[in-house]
Each structure stands twice: as structure tokens, then as C-alpha cells.
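Read the structure below first, then the notes.
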Amino acid sequence: MLEKLILNHYEIAAVILSGIGLMNLLLQRNLIRKIIGLNIMNTAVYLLFAAKGYNAEYPPVPAGLILTGIVVTVSVTTFALALTLKLYETYGTLNIDEALMKMTLQQEELEAKIEAQEEELIS
Amino acid sequence: MNEEIKAIWKSLFDWVMGNGPRPENEVIPDEPPPDLPFTRKPKDKYSRFHEATLKERYNQWLEIHGLHMFSSLYSGISVLTCIVIVSLLLATVSELPSLSDERNLANNEIIRRYVERGGKETGAQNIVAGLILNYRAFNTFGESAVLFTAAVSVLMLLGASRRNNADDEQSMKGNDSGKNFMQRGPPSVRLHTFRRDDAILRGTASISIPVILIMGCVIIINGHLLSGGAILSTALILCANAYDFERVHKFFNEQIFITITSTSLMIYALSNIFNGGLILLPNICIGLIVAGTLYGFYALLSEGEI
Amino acid sequence: MIDSFAFNIPFISIFLAMIAAIITPLLPKQNRIPENLSCCVIGIIGILSAYLLYALTNSGQSLSFNFKIGNFPVPYGNELKAGPLEAVLSLFFSLSMLLSLTGNFSSTEEDIAPNRRQLFCVLVNLIMSSLLAMTYTNDIFTAYVFIEISTIAACSIVAVKESPETARAALRYLVMSLVGSGLILIVICLLYNLTGHLIMQNMHIAIQVLVSAKSYIMPLTVSLALITTGLAVKSALYPFSFWLPDAHGSSTNLSSAILSGLVLKGHIFLLIKIFYRVFGLDVIHALRMDTVIFILGLLAMIMGSVHALRQTNVKRMIAWSSVAQVGYIFLGVGLNTTAGIAAACLHIIVHACVKPMLITAAGGLSNAAGHKKGLHALMGTFYSNVWAGLGFMAGAFSMMGIPAFAGFASKLSLTMASFDHPVIVWSLAALAASSVLNALYYVPAVIVILTHNKNMNNNFSAPPPTRLYKISMTCFLALNFYLGLFCMPLLRLITRGVNVL
């Protein structure tokens, strides 16, 4: 087992990197760090592709897939950044927990406002 | 010993979290009392002494600790998931066959044909370009469609909202109670402004932009996919930074952005449908799509408009 | 043999939707041109799929065919595969999309800023195209690319409405989806390394070789588990479904209808294809994945309904009910028999037709109550918008599984599929419990909308439903009763389709 692990060091590095990326994507509360985690994860998967597909004689298929995948990652990253910008404009924070807290407060204010309006209407 | 480990851990933690160095005589203040977002107004129902029931105490506790507990539960579960996934993958990749192995099924006729007959069948100099533009052209079309989707989404989220903010508010007034309450960003304030009359940048740009443009065109025509388009968009970004955004805006505004992207994608789709084994036309189209969208992404994210 | 026009239909329909998406930004925005173009194209796709279905069932011999894209034959090029099941699914997907588009026309115009509507139509067309591509494709990497298209487009149609919570909900959805896509990409890498193919049928042959030689069982199991997790995250199977109610509660009605009715279903059908076409049912059984899916399906059926019971917002309630319905589909997949998968596909169709109707109707009702979404605010709205009220009642009864409504047919076929199966006790108990739980939250909702509201403020008058709304609601109701009363020929067709999947 250990011998195999040492022999496949590219793959092991790729898997550990993708684990780090996944962890960042799930655990970071700051959205920019989440997006960085996403990029680490996807790049690690491409490293895995390259490591497993590399052969001095026949390189092409993984290279083509990685080219396609990179563009997909770029698009997804940009879209996530745009959403983050939108969130920042709305709440003034990049932290997803703080955004939740502010949203709850705002909703409570809104509910209180609506209740007050309804009471006025009834009276 | 224990203190040392703690100090090392602290510095490692600081490094990971991106905090600055701690001063020697740091005093950690007591934690401020937590904000209570979920607390309702206190009810003075009980005039005499009332011992809180278990449920009330539970609710109180939940209001203070609920969010914190949820987030720690979430992080616990995610750490566990990540560890499980990583260890499974570690076990898996150490078992996977290597490509030079003769018994490996991946070592099959497909890549052999790509390498041996790819040049003849597709007319491409580069095997990878032949692969993505001809053998697996549909995937590449999907990939350009992903770029197009992202461009349309970002344009809708950032561009369309700021350009005609005043119109929106007119037409959306009074539709939803949530809307009156909503806070919008200021319509045309740039998020990130810096001085653009940098002589060094300008001097460099005036020399390098033509070189970059020629380089991009050469690469697009020669068939190393994508990097050509990205290089063209670099020239545009450099132009916008060195001179003025408005200057690029004059010849590359939203209408032109949409026209270029859609038209090239259209031509690419048509060449995909009536595939005649062309490789130059799709190559140019993809280069234009990538150049347009990457510059569009840059402009929308940094300036808020194209 | 089928004629050459029908032979081209899968490819044509994917490209029609894609070209409609590409050409929309170039067209003028006035006079609802983008919306009308989308409706026309989706209608044409529906007609083409119906013709494909007709041609396939009357061809006599082979029920399915492969269509090569590009100049090169299969292991080298790219391929689509079409059979009766794919044709039926794309027919119902396009029908459901068309009816949700027409039904939510006016609410979309209210919710979405005018300068965003054109781009919104582009995204709807892109979602349609990616759904069709996921349905027809025979290449796993193409499936991945189109999954990403549908992810980005679905997230941005959630975020299209300008309200405080949409950006947050869309981000949450995006993060969960991206975890799913990352897992799918890793699995594609592993499977490519193991089998050397990206075409599903060739992968199947290679996997059969590997399994019969008892080699690489561990990598195969891990790949299967991870791709199931990835697609389950995207299709909101219970433990991974907490993003769905947020995304529903804050978005416009059309986005919820598309998300819940169609986008989730595309991913589930892709999972079914991976189970049936890439791995094969015996391999799935040998690797014990069927049990896991079955248990997760049971959990989703119960827990989705339990969560729905506690909601006060009608759209969040419908979203949790979607989670429960996804559980039914996974229950059928977990039975791991042809009949089970056919029942699951029937439930995909039923849910794709009923859930948009329910959401459209709920949108009409909350319009009548003055844009309030709380359940208590809907009191008495049946009388101000009868069409929406009828649609809501039909949808609710269908979700409960009352005979003659659409949900009954699929529940019946799920029951029948589990008869000759060792897990019959569990699936019957779960079906019964879940139906009772469904009734527990849908019946009060129906009673609320039927109760006269005495202190409804009279100075608010909702606009009457438009003609388009009435037409699409009528079509939805007709579809509902068709599926409820005459579903047996459809089920036979689906079973034939599953056999040649």
C-alpha cells in the first residue's frame, strides 16, 4: 500500500489538493476564499487527469478534456464572483453568515412594518 | 513545551487566516456578548416569580447558541465528508493502473488512432487541436456555450441592473413589498478606481499592445486553441488600464460585445452542424468568443459595465 | 427503419434551442419578441419529439438508434442516443417548459426588470438545450459540459429577481452545485482511466470486463458512490437538499417552476442513464449501491414532508414537497429493476408536469392575495382567482395520490414495481406514510384557500388572470388528468424504452 502511494505521488498530490479545495469550498465563510477553494479543487482534478493520462507516446485525450474543463472553470468562477459582488452590494459584507444575520434582521423589520400597516388598515 | 506548541499553532493559524503578526503583549479582550438576531421582544407576561420551564430555557439557549451550533455542526459534517472523500480517493488512485501498463484498458485503439491518423484525418498540425475541433467538436461547442452562458448571466446580473437603474425603479415600483425595502448599490459608482495616467504603463502598453495583437492572431490562426483568444482579451484589458476605460468603451461597448459573441457562436454552431471538416473557421470563432467574453468579464467585474 | 428526418431530430432539437438562445440577444427587445421566440422554439421541439416518438414506435424493428455527431464513428467521435424513453421525456419536458413559460408570463413581467427579460429568455433557452443534451447524450464528458451550462443558467435565473435574499440563495445553490460538479469531474477522470472510453456503451463493455475479472472493484465502487453523490446534490436528494427551499422561496415563479420541474429531473435522468447504461443493473446490485439509493429515497420521502409541515411560506412548502417527490423517484431507482426504473421515469414525467402547475397556481393565488406568500394570507383567494385555485387543488390532490390525478398513477406503478421485490414492506410503508404526510400539509392549504376571508381588505383588487394564464392552466389540468387516467400506454412505452436504454 505505502509503496503504491509513493509510486503514485502525482495522483496523491492531486487528491490531497482537491481535498484542500473541497474543504475550503465548504468551510470558509468568506466568499472570495470559497471561490479560491473551488479553483484549487478543479485545478487539482486537472492535475489528476494529467497525471493519469500522461504517457510519452499518447498524450492527447486528457489534454483536450482539460482544455475544455479549464474554460468551464473560468466561466463558473466569473459567475460566482458576479454573484458575490451582488451580495456585497446588497449587504455590504463578503461573509455569508453576516449576510444571513443581516437578512434575518431586515426580514423581521419588514414583517413588523407589514403588521403595523395591517393594524392601521383594520383600525 | 505546551506553550510553545500553542504559540506555533497560533502563528500557523494566523498565517492560514491571513491575520497580521501578533504583538508581544497582546491582551485578548473578553468576548463581547453575542448579537441576538433571532430574539423577539421580551414578554412581561408573568407578574410573579416564574421559574423557566425546560422548553423556555431550551428556546433561550437555542436563540443564543443556535446559529453557532448550526455552523459548527455544518463544519463538523463537512470536515468528516472531506476526510472520507479524500481517503477513499487516496485508496482509489493508488490502485489505478498506469497508462504504460499493457493490460490497461485505457491503452486502447482510440488514442492510437488519434496520434497516428489524426493529422491526416483532421488536417490539424497539433493533435490536441484536431481532437477538440474535429473529433470531439461537440464538447468544444458545449464549452463555448458555457462561456456564453456565463457571459449572459454576468451581464444580466451586473450590467443590466446598473445601466438603467432609474428605469427599473420606475417600472418595478409597488410590485412587491420586498422591493421598497431593498437597498441597491449606487448606480454608477466604480467599485475600484485608480489613477490611469501612469506614464510607464502607457509607454509599455503602446509598445506591447500591437505585439500582443499580432501574437494573438498568429496563435488563433495556427490552431493552438483558446490561448489566442485569451491573449487578444489581454490586449483589450491592458488598453483599458493604461489609457482609459472610456476609450475602450468607444469601440467595444455592450452592443458590440453581444454581437461579436453571438455571431461567432452562431457561425461556430452552423459549422458544427454542416461539418465540412473545417478547422480554421471554428478556430477563429472560438478565439473571438473567448476574447470577447474574457474582456467582458473583466469590464463587468471591475467597472460594472461594458 | 425510421426515416432520415426522425433520425436527425435529437440533434436538431438540441441545436434549435441553442440557436434560439444565441440569436435572442441580437433581436430587438420590443413586442415580447424574445419571449415569443422561446415559446415557438420550445413548441417546435415538443412537436419534433412527438414525431420522433411516433416514428420510433412505428419503425417495427429496432426501437433506439445512435446518432453520430461529426465525421467520425463512435469510439473516436461524439454520439447521441435516442429511444422511446428519451423521446417521451423530451416531449414532456418541452410541454412543461412551454406551459410554465406561458402560465407565468405576467408574473415574470412584474418580477423581472425589463432590461433583463431578454437575457432571461436566453437563459431559459440554454436550460432547455442543456436538458435535451443531457437527455440524449451518449458521451459522459458532453454530459458534464451541459451539466455546467444548466448549473450556471439555473443559478442565474434564481438570482434574476432583485430582492435582498436572491443573491444569497443563488450563491448557496451555486456552492452546493459546484461541489457536485467537482465530484462528477473526478469520477469522469477515474472512469476514463479505468475504461479508456467516454462513450457510455463502450464504458459499459469495459466495466463488464473489469467486473467479471474481479479487478479494480474498489475504484469502481468509489466512482459509483461519488458520481451518485454528485448528481444527488444537484438533484436535491434529501441530506443534500437544504439549498432548494431557499432558492425557491426567493425566486420568481417561473424560475421555481423550471428549477423544480425540469432542472432537477434532467440530473436524475442522467443518473438513471449512468446506472443503466454505464454500469448496468447487475453491477449496481453487486456494488450495493441500490440499497443506499433506496434508503436515501425513503429518508427523502419522509423527511421532505416533515420539513414541509413546518413551513408557513407556500413556496417553501412546495419546495420541500419537491424534495419528498425526488425521494419517490430515487425509491424507484433503488428498486434496481426495469419496472422500478420505468416507474421512476413515470414519476419524473408526472412531477415535471404537476409541480410547475402547482407553482404557477400558487403564484396566481399569492398575486390575488396582494403578493403575500404566507399560507394564512392566501385565505379565500380561491374565489378571486378560480383558475389558480383549481390548479392548486388538482396539484395538491395529485401530490397526495388521490385516484384520477396524475400522482396516483406513478404511485401505483411504484407500488406494482415493488411487488416482486424483497423490500416491498419498506416501500409500501414509506409510500403510505409519505402520502399521509403529504395530505397533512396539502389538505390544510386547500382548506385555507377555500375558506371565505371575512376581513379581507377590500381596497385591494388583484388583476384578473390573463387569457394566457387560463389557457395554460387548462392545459396543465388536462395533462394532469391524462396522466392520471390513461397512463398505462405511457407506462408500457416507458418500459420498452427502459429496455433499450
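Letters go in sequence order (proteins before strands), and every chain restarts at 1.
- With a 4.5 Å cut-off on non-hydrogen atoms, A:Leu31 touches chain C through its side chain but not through its backbone.
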side-chain contact (heavy atoms from CB on, under 4.5 Å) for A:Phe49 and C:Leu185? Distances and angles first, verdict last. CA-CA 10 Å; A:Phe49 252 117; C:Leu185 190 60; 4.3 Å; yes
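- Heavy-atom distances place both the backbone and the side chain of C:Glu165 under 4.5 Å from chain A.
- Looking at C:Leu171, both its backbone and its side chain come within 4.5 Å of chain A, counting heavy atoms on both sides.
- Rounded to the nearest 0.5 angstrom, C:Leu190 CG and A:Glu11 CD are separated by 10.5 Å.
- Neither the backbone nor the side chain of C:Ile149 comes within contact range of chain A; no heavy atoms are under 4.5 Å apart.
- Taking every heavy atom of both residues into account, C:Gly182 and A:Met41 meet most closely at CA-CE, 3.8 Å.
- Your options are A:Leu87, A:Leu65, A:Val15, and the one with the most heavy-atom pairs under 4.5 Å with chain C is A:Leu65.
- Looking at A:Leu38, only its side chain comes within 4.5 Å of chain C, counting heavy atoms on both sides.
- Interface remark: C:Ala159 contributes side-chain atoms only to the contact with chain A (heavy atom separation under 4.5 Å).
- With a 4.5 angstrom heavy-atom cutoff, A:Thr84 touches chain C via backbone and side-chain atoms both.
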For the pair C:Thr151 and A:Phe79, evaluate side-chain contact (heavy atoms from CB on, under 4.5 Å) and give the outcome as yes or no after the intermediate values. CA-CA 11 Å; C:Thr151 301; A:Phe79 179 61; over 6 Å; no
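- With a 4.5 Å cut-off on non-hydrogen atoms, C:Ser156 touches chain A through its backbone and its side chain both.
- Considering CD1 of C:Ile186 and OG of A:Ser18, their distance stands at 4.5 Å, rounded to 0.5 Å.
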Start with the C-alpha gap between C:Thr166 and A:Thr90, add the side-chain angles, then the distance that decides, and say whether side-chain contact (heavy atoms from CB on, under 4.5 Å) holds. CA-CA 10 Å; C:Thr166 46; A:Thr90 319; over 6 Å; no
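- Looking at A:Val72, only its side chain comes within 4.5 Å of chain C, counting heavy atoms on both sides.
- Atom CZ in C:Arg172 sits 8.0 Å away from atom CG in A:Leu100 (nearest 0.5 Å).
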